[in-house]
Amino acid sequence: MNIKSLYSIYFIIAIAVCIVVFPDGLSAIVLSITISLPLIFVFSKSLDKREDLIKLFLVALILRTIASSAMYYFRLEDFFALDWRLYDKLGYELANYWSGETLASDLLQDKVLSFSGTVWGISLLVGSVYSLVGRNLLAAQLVIATIGAAIAPVTYLFAFQIYSNRRVALIAGFIVAFSPSLILWSSLILKDTPIIFFLVLTMYAALKLHEKFDYKLVIVLLLALFGVMSLRYYIFYVVAVAVIGGFVIGQKNTVLSMIGRSAVVILVGVTLGYLGILNNAQSEVTQMTSLEVIQISRNDLANSAASGFGEDYDVSTVEGSIGVLPVGFTYLLLSPLPWQFTSSLSLMTLPEMLVWWSMLPLLIVGIIYSVRHRLRKCISVLVFTIMLTLAYSILQGNVGTAYRQRAQIQIFLFIFISVGWVIKQERNENRKTVRLNRRN
């Protein structure tokens, strides 16, 4: 399908949304298009990849616009998640506070205006939307959906930067575009989609900076890191370690490349220090690595719903944390497991899970190839994936939460799966060629 056809499909859907859910649909679509146009412009600047990038974005945007609008029209938000209500409430209070209509409540002061914790970033985003168009839930959802659509082309760029292979990049981009769970999280006011976007953008900008210093990319890297920190500060420290590790190892060890990488690390460090982020680093890292704190969080997750697991595990000691790793790892990467499809919500994930489980052999092939042939280029993503996987394996005690947060890791695993798929296809093609040669 060509780009013109995709534009036509999108505008038909956009008009339908405007009519069916008027007037909220009209302002929501206008805001989504306003954000989409600059993104399309940026993607079009990459002349050799322009068509692939725009197609990926439009396909992802169409799917997410449909899902977001259906979610809003049928009022399905509470069925899939409840935390959107807090972000909606804080965003609305923030918009009223900015307009001078109300004073800041204690909740708003504590959660948002203090710029601490893990909800102020998403609250600022929702508040900005409500300041523009009023308390329009669909508008906020479509802004998230547009950000989610941009993940697919950025994943394409990141994969191509590592492997210099269009097939790998295209497969990775389309997996992201069509992934049901990523579509779902992009259709609600949740932190997951912006986090994933900023994570992929961080990795891509850092990888580009390995090759050549560019102040524009430094700005993109800083903004992406700030975005991660505003949404989930503990992931910020994980991705920062991974990025710095990639700069230390690097790809080229020429004098110029080493100077360029050092300059990036210094600029990032100075900027983070100036913003006061590094001042809080020690206390935040101490808190996030405290086994006692992790134990409390895990207990809350394990006992918060019927989908909790491992209520009896104790991760407050090093031995206990190591002991829970195999179980936590299994649940994080594979849940819902076959015996856990006991509700309508879990049954909805079954088709996706069957595909995901079938992809695991390709994932192993892709990781092995990447370690052997692209280690320097993918070291950052490997370090990040391993660190976050280990952290979540210890922390998680709830199947539903594990399913959601797996997407933050899964986005990079999709790239390795794409590598495995291309390797498999090339092997099959080589076998066919050998057979034909033998016959001839």
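Note that these values count all heavy atoms, side chains included, but never hydrogens, waters or copies made by symmetry. Source: prediction; values computed, not measured.
- Relative ring orientation between Tyr233 and Tyr237 is described as perpendicular, the plane-to-plane angle rising above 60° on a 0-90° scale split at 30° and 60°.
- Within the 4.5 Å cutoff, no side-chain heavy atoms of Tyr156 are placed close to those of Ser46.
- Within the 4.5 Å cutoff, no side-chain heavy atoms of Leu231 are placed close to those of Leu125.
- With rounding to the nearest 0.5 Å, the separation of CG in Leu94 from NZ in Lys111 is 15.0 Å.
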Under the side chain to side chain contact (heavy atoms under 4.5 Å, CB included) rule, what do Val243 and Thr202 come out as? Steps first, then yes or no, please. CA-CA 8 Å; Val243 168; Thr202 296; 3.8 Å; yes

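- Taking 4.5 Å as the limit, every side-chain heavy atom of Ile235 sits out of range of all side-chain heavy atoms of Phe198.
- Not one N or O on the side chain of Thr385 forms a donor-acceptor pair closer than 3.5 Å with the backbone of Leu382.
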Criterion side chain to side chain contact (heavy atoms under 4.5 Å, CB included) on Leu90 and Val126, from CA distance to verdict: CA-CA 8 Å; Leu90 291 172; Val126 177; over 6 Å; no

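- Using a 4.5 Å heavy-atom cutoff, the side chains of Phe80 and Ser187 are not in contact.
- Within the structure, every pair that satisfies the salt bridge (Lys or Arg N to Asp or Glu O under 4.0 Å) test and touches residues 179-199, not counting sequence neighbours, is listed here: Asp192-Arg404.
- Nearest heavy atom pair, residue Ala140 against residue Tyr130, reads CB-CE2, 4.1 Å.
- Looking only at distances, no side-chain donor or acceptor of Thr155 sits under 3.5 Å from a matching main-chain atom of Gly173.
- A 4.5 Å side-chain heavy-atom check between Lys216 and Val220 finds every atom pair outside the cut-off.
- Environment of OH in Tyr92: sparse, with no more than 12 heavy atoms of neighbouring residues, nucleotides or ligands closer than 6.0 Å.
- Within the 3.5 Å criterion, the main-chain N or O of Leu334 finds a donor-acceptor partner in the side chain of Trp357.
- Among pairs with a residue in residues 120-149, those fulfilling salt bridge (Lys or Arg N to Asp or Glu O under 4.0 Å) read Asp88-Arg135, at least two apart in sequence or across chains.
- For residues 72-82, the set of pairs meeting the side chain to side chain donor-acceptor pair (under 3.5 Å) definition, not counting sequence neighbours, comprises Asp24-Tyr72, Asp78-Trp84, Asp78-Arg85.
- The list of ring pair (Phe, Tyr, Trp, His ring centres under 6.0 Å) pairs with a residue in residues 16-52, not counting sequence neighbours, reads Phe43-Phe57.
- Between the CE atom in Met359 and the OG atom in Ser418 there is a gap of 8.0 Å [rounded to 0.5 Å].
- Considering only heavy atoms from C-beta on, Ile417 comes within 4.5 Å of Trp356 through its side chain.
- Between the CG atom in Leu188 and the CG atom in Leu82 there is a gap of 10.5 Å [rounded to 0.5 Å].
- Here the CD1 atom belonging to Ile219 is positioned 8.0 Å from the CG atom belonging to Leu222, to the nearest 0.5 angstrom.
- For the residue pair Ser105/Tyr97, the side-chain donor-acceptor check at 3.5 Å is not satisfied.
- In this model, a donor atom of one side chain and an acceptor atom of the other lie less than 3.5 Å apart for Ser5 and Asn2.
- A donor-acceptor pair under 3.5 Å is formed between the side chain of Ser393 and the backbone N or O of Thr389.
- Residue pairs meeting the side chain to side chain donor-acceptor pair (under 3.5 Å) criterion with at least one partner in residues 164-173, sequence neighbours excluded, are Asp52-Arg166.
- Proximity of a side-chain donor or acceptor of Thr193 to a complementary backbone N or O of Trp185 within less than 3.5 Å is detected.
- Residues Val168 and Ile162 form no side-chain contact, since every pair of their non-hydrogen atoms from C-beta on lies 4.5 Å or further apart.
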Ile9 and Met1: side chain to side chain contact (heavy atoms under 4.5 Å, CB included), yes or no, with the steps? CA-CA 11 Å; Ile9 293 171; Met1 188 175 292; 3.5 Å; yes

Determine, stepwise, if the pair Leu142 / Leu31 fulfils side chain to side chain contact (heavy atoms under 4.5 Å, CB included). CA-CA 8 Å; Leu142 283 185; Leu31 190 56; over 6 Å; no

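- Ser8 places a side-chain N or O within donor-acceptor distance of the main-chain N or O of Lys4, the cut-off being under 3.5 Å.
- When all heavy atoms of Leu182 and Ala407 are compared, the closest pair comes out as CD2-CB, 3.8 Å.
- The CG atom of Leu184 sits 9.5 Å away from atom OG of Ser68, with the distance rounded to the nearest 0.5 Å.
- Of all the heavy atoms in Ile183 and Ala67, the pair that sits closest is CG2-CB, 3.7 Å.
- Of all non-hydrogen atoms in Leu138 and Gly25, the two that sit nearest each other are CD2-CA, 3.8 Å.
- Annotation for Tyr369: atom OH counts as buried by contact number, over 12 foreign heavy atoms lying within 6.0 Å.
- When the side chain to side chain contact (heavy atoms under 4.5 Å, CB included) test is applied to Ser335, the partners found at least two apart in sequence or on another chain are Tyr331, Gln340, Val399, Ala402, Arg406.
- Applying the 6.0 Å contact sphere to CD of Glu51 captures no more than 12 heavy atoms from other residues, nucleotides or ligands.
- Of the inter-residue distances, the one linking Leu207 atom CG with Leu217 atom CG reads 10.5 Å to the nearest 0.5 angstrom.
- Here the side chain of Trp98 pairs no donor or acceptor atom with the backbone of Ser128 at under 3.5 angstrom.
- Atom CG of Leu354 sits in a crowded spot, with more than 12 heavy atoms from other residues, nucleotides or ligands closer than 6.0 Å.
- For Ser358 (side chain) and Val355 (main-chain N/O), a donor-acceptor pair under 3.5 Å exists by modelled atom type.
- Here the shortest heavy-atom pairing between Phe79 and Ser344 reads CZ-OG, 3.7 Å.
- The two residues Gly127 and Ala95 make their nearest non-hydrogen contact at O-CB, 3.8 Å.
- Looking at Ile40 and Tyr7, their side chains come closer than 4.5 Å, going by heavy atoms from C-beta outward.
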